[in-house]
Amino acid sequence: MEIGPDSRVIRKYRLRPTQLVFITGLLGLPGIPLAGSIVPEDDLSVTFKAGSIVLMSTVYLAIIWFWRAATIVYRDHIVVRQLFRTRKAVWSDVLSIEIENNPGSSRTMLLDREGRLFPLPGGVGAQAHEVRAIKDIWERSRGEGWMPPDEAIILAAQYRARAQTSAIVWATFLAVGSFLALLVSGLVFGAKSEWDSDEIPWLFQAIGFVPVVVFVAVYQVAVRLLRRRHTAYVH
């Protein structure tokens, strides 16, 4: 993909500063005193401290994502900025821009020529007039040689996106469930057994690591199974 010289920014979509400050305060401030009370504590194991830091780090990564996520519209291309990646597509490589066909979602989805379907962050989907404005720029700038995509490409991209969303939901559900199960069982067994810091089973000491491992493992397995099922169905 070549980005030409006519790359002037037309509009940048991000959450409003007040929203970002609210999210940062709501999610980020509780972690500061929590970390301050856990890290210096000599009675806690190194494993428990490290697990707690890992768990809190996921919260701060989410905060960073909110600040970084943006949709930037240029005259000749569009940029979608997320936590760990930045996607770019010239307008001629954009196949569709549509609000997601899901009553429970207001996301706006972009399909590019590589068959990737991904949401436009920054609150774009919550503003119908802004979606229309982006589509107008795309329709004017995609060129006379642009051709609409085949239905098979759209369906395949939609299925991959749904598989990814389903995998995230299942991974989140099981990660949170594993954390709560360990927390409750640890409190119950600890109250009965009166453990001291040297007797606490390693699994409970590593409670901060468990949700992260469960999320990654479940997500990878779920995505592969869902995509394999779709491939078998198509063939």
Side-chain angles (χ1 to χ4, degrees), residues 11-41 43-72 79-87 99-100 102-110 118-127 130-131 161-187 203-220 222-223:
R11 184 69 186 271
K12 184 175 183 178
Y13 297 91
R14 294 183 63 200
L15 293 181
R16 293 192 297 271
T18 53
Q19 293 174 312
L20 293 171
V21 170
F22 175 78
I23 291 171
T24 302
L26 180 66
L27 299 179
L29 290 182
I32 298 175
L34 183 60
S37 63
I38 291 176
V39 174
E41 185 60 53
D43 293 335
L44 297 176
S45 69
V46 175
T47 304
F48 180 80
K49 292 179 182 180
S52 300
I53 292 173
V54 168
L55 200 59
M56 286 186 286
S57 297
T58 61
V59 176
Y60 287 102
L61 279 176
I63 295 173
I64 294 172
W65 182 87
F66 281 112
W67 281 88
R68 177 170 164 75
T71 298
I72 309 170
V79 172
V80 176
R81 196 172 67 196
Q82 298 173 327
L83 179 59
F84 295 118
R85 67 174 63 178
T86 298
R87 289 188 170 109
I99 296 177
E100 189 173 27
N102 184 344
S105 173
S106 62
R107 298 188 304 175
T108 298
M109 309 297 290
L110 183 148
F118 48 87
L120 301 182
V124 174
Q127 307 173 69
E130 296 292 0
V131 177
R162 285 196 298 268
Q164 186 178 32
T165 301
S166 298
I168 290 174
V169 170
W170 276 106
T172 302
F173 177 77
L174 292 177
V176 173
S178 66
F179 174 78
L180 294 177
L182 280 176
L183 180 63
V184 172
S185 59
L187 292 174
L203 187 62
F204 294 125
Q205 293 185 36
I207 189 172
F209 292 108
V210 173
V212 177
V213 173
V214 169
F215 180 91
V216 173
V218 172
Y219 174 78
Q220 294 294 334
V223 166

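In this text, all values refer to a predicted model and were calculated from it rather than measured experimentally.
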Within a radius of less than 6.0 Å around OH of Y60, do more than 12 heavy atoms belonging to other residues, nucleotides or ligands occur? yes
Are P211 and L55 close enough that some pair of their side-chain heavy atoms sits under 4.5 Å apart? yes
On a heavy-atom basis, the closest approach of V223 and A167 is CG2-CB, 3.3 Å
Under the side-chain contact (heavy atoms from CB on, under 4.5 Å) criterion, do L83 and I64 qualify, and how do the steps go? CA-CA 7 Å; L83 179 59; I64 294 172; 3.7 Å; yes
Classify the ring geometry of Y219 against F215: parallel below 30°, tilted from 30° to 60°, perpendicular beyond 60°. parallel
Sidechain-backbone polar pair: S166 side chain, A163 backbone, donor-acceptor under 3.5 Å: no
A side-chain contact here means heavy atoms from C-beta on lying under 4.5 Å apart; do T24 and L29 qualify? no
Heavy atoms only: give me the nearest V80-P121 pair and the separation to one decimal. CG1-CD, 3.5 Å
Checking I72, T71, L20 against R14 for side chain to side chain contact (heavy atoms under 4.5 Å, CB included), the one that qualifies is L20
Grab the two heavy atoms, one from G25 and one from P30, that are nearest each other, plus how far apart they are. O-CD, 3.7 Å
Give the C-alpha distance, both sets of side-chain angles, the deciding distance and a yes or no for side-chain contact (heavy atoms from CB on, under 4.5 Å) between E130 and L120. CA-CA 11 Å; E130 296 292 0; L120 301 182; over 6 Å; no
Within 45° cone and under 6.0 Å: R68 NZ/CZ vs F66 ring: no
For the backbone of R16 and the side chain of Q19, can you confirm whether one donor and one acceptor N or O come within less than 3.5 Å of each other? yes
For I207 and F179, run side-chain contact (heavy atoms from CB on, under 4.5 Å): C-alpha distance rounded to whole Å, both residues' side-chain angles, the deciding distance at 0.1 Å, then the answer. CA-CA 7 Å; I207 189 172; F179 174 78; 3.8 Å; yes
Is there any side-chain hydrogen bond (donor to acceptor under 3.5 Å, both in side chains) pair reaching into residues 27-36, and which pairs are they, with sequence neighbours excluded? none
Distance in Å, L27 CG paired with L61 CG, rounded so as to fall on 0.5 Å steps: 12.0 Å
Set of side chain to side chain donor-acceptor pair (under 3.5 Å) partners for T172, sequence neighbours left out: none
Do the non-hydrogen side-chain atoms of R107 and T165 ever get within less than 4.5 Å of each other? yes
Nearest atoms (heavy-atom pairs only) where V131 meets V124: CG2-O, 3.4 Å
For R87, the salt bridge (Lys or Arg N to Asp or Glu O under 4.0 Å) test, sequence neighbours excluded, returns none
Please find the pair of heavy atoms, one from S178 and one from A175, that lie closest to each other, and give the distance. OG-O, 2.7 Å
